[in-house]
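Working notes, structure below.
Order of the sequence lines fixes the chain letters, A, B, ..., with proteins taken first and strands second; residue numbering starts at 1 for each chain. No hydrogens, no waters, no symmetry mates; every other heavy atom, side chains included, goes into these values.
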Protein chains: 2
Amino acid sequence: MKQIRPTESELEILGILWERGPSTVREIHDILSQTKDAGYTTTLKLMQIMHEKELVARDTSSKTHVYTAAISQQKTQQQLLDKMIDTVFGGSASQLVMQALGHHQSSEEELQKIRQYLTAIEKQQKDNR
Amino acid sequence: MKQIRPTESELEILGILWERGPSTVREIHDILSQTKDAGYTTTLKLMQIMHEKELVARDTSSKTHVYTAAISQQKTQQQLLDKMIDTVFGGSASQLVMQALGHHQSSEEELQKIRQYLTAIEKQQKDNR
DNA sequence: ACTGTTGTACGAATGTCTTCGTAAACAAAT
DNA sequence: ATTTGTTTACGAAGACATTCGTACAACAGT
């Protein structure tokens, strides 16, 4: 399996790309600079490097290049989660789940969805027995 | 709030310390070398640096020093989770929860615990209304 | 055509992590 | 006492990440 290892800054940018879809450096930078403080060329350079690493694809047909994420949010999430469960939560996924539910308050809807998910998983386990 | 930022390697060591309790460099190294491949002095150096950063405390009363984790597993978990939810999961904790439950198969017991947890949270929300 | 603005490319400085070689302290065994 | 093995301390090299200055190209408005 191909190992994906985006750095901290790269993840921030990917996060924005996943949320917004195709974006220019300027757009990314404007969002980034709301929470951190870095020059425009810094963001540009980062995205150029991400392009080299093929974390993003870019359309250079117009003067202002347009970037899109080249790795899926799902796969990246799974990979990072797995590593985190392993090193930080001693291998217990449910430990992580409870910790996550504990502090980040979720809406009633979301909790309901999770509950349904749980039921589905339990049913599946029963069927496999 | 004090920001904790252990690196990848530091997290591996912390993970072992959390699981085993107080340990010597030798003990840590033996465990580490099962999964990765690094010299003894590398592990030693890492732990010395972690000591400088006050990620671990050490008892130097005997020749062979004994290290213990100086930051709690709970707090560290929470901090890393929060950041991850933020950057990788677009702020949705339940998104993370479902992803985690989906791939890491948990035991029936664990699922049951999570369900209880859910119920408790929902009840709490109701009471706060 | 000129000027100002916005963009990309590139290289270099700086910072941080990781790795390991070497030296010195110490203890146990011979 | 000398050797052998285990340990800590330290420094430095190599890799990687982050930051930004500078140069140059493209374009818009005058």
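- Among residues two or more places apart in sequence or in another chain, the side-chain hydrogen bond (donor to acceptor under 3.5 Å, both in side chains) test is passed with A/Arg26 by none.
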Write down the protein N/O and nucleotide N/O pairs, taken from nucleotides 4-9 of chain D, whose separation is under 3.5 Å; answer none if there are no such pairs.
| from | atom 1 | to | atom 2 | distance (Å) |
| --- | --- | --- | --- | --- |
| D/dT6 | O2 | B/Lys63 | NZ | 2.7 |
| D/dT7 | OP2 | B/Arg26 | NE | 2.7 |
| D/dT7 | OP2 | B/Arg26 | NH2 | 2.8 |
| D/dT8 | OP1 | B/His65 | N | 3.1 |
| D/dT8 | OP2 | B/Tyr40 | OH | 2.8 |
| D/dA9 | OP2 | B/Gln48 | NE2 | 3.2 |
| D/dA9 | OP2 | B/Arg58 | NH1 | 3.1 |

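- Here the range on DNA chain C touched by chain B, meaning any atom under 4.0 Å from one of its heavy atoms, is C/dC17 to C/dC26.
- Legend: residues meeting side-chain hydrogen bond (donor to acceptor under 3.5 Å, both in side chains) with B/Ser61, ordered by chain and number and at least two apart, are B/Asp59.
- Remark: A/Asn128 engages no residue in a side-chain hydrogen bond (donor to acceptor under 3.5 Å, both in side chains) (not counting sequence neighbours).
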Can I get a per-line list of side-chain donor-acceptor pairs under 3.5 Å for residues 66-73 of chain B, giving both atom names and the distance, sequence neighbours left out?
| from | atom 1 | to | atom 2 | distance (Å) |
| --- | --- | --- | --- | --- |
| B/Tyr67 | OH | B/Arg58 | NH1 | 3.2 |
| B/Ser72 | OG | B/Lys75 | N | 2.9 |
| B/Gln73 | NE2 | A/Val88 | O | 3.1 |

Identify all side-chain donor-acceptor contacts of residues 36-53 of chain A below 3.5 Å with residues at least two apart in sequence or on another chain.
| from | atom 1 | to | atom 2 | distance (Å) |
| --- | --- | --- | --- | --- |
| A/Thr43 | OG1 | A/His29 | ND1 | 2.8 |
| A/Lys53 | NZ | A/Glu10 | OE2 | 2.8 |

List, with names and distances, any nitrogen or oxygen atoms from the protein found under 3.5 Å away from nitrogen or oxygen atoms belonging to nucleotides 11-18 of chain D.
| from | atom 1 | to | atom 2 | distance (Å) |
| --- | --- | --- | --- | --- |
| D/dG11 | N7 | B/Lys45 | NZ | 3.3 |
| D/dG11 | O6 | B/Lys45 | NZ | 3.4 |
| D/dT18 | OP1 | A/Ser9 | OG | 2.9 |
| D/dT18 | OP2 | A/Thr7 | OG1 | 2.9 |

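- Contacts of A/Ser92 classified as side-chain contact (heavy atoms from CB on, under 4.5 Å), with partners at least two apart in sequence or in another chain: A/Ser94, A/Gln95, B/Glu110.
- Remark: B/Glu19 pairs with no residue by the side-chain contact (heavy atoms from CB on, under 4.5 Å) rule, at least two apart or across chains.
- For A/Glu122, the side-chain hydrogen bond (donor to acceptor under 3.5 Å, both in side chains) partners are B/Arg115, not counting sequence neighbours.
- Taking the side-chain contact (heavy atoms from CB on, under 4.5 Å) definition, one finds that A/Glu8 meets it with B/Arg5, B/Lys83, sequence neighbours left out.
- Judged by distance alone, the side chain of A/Glu12 and the main-chain N or O of A/Ser9 form no donor-acceptor pair under 3.5 Å.
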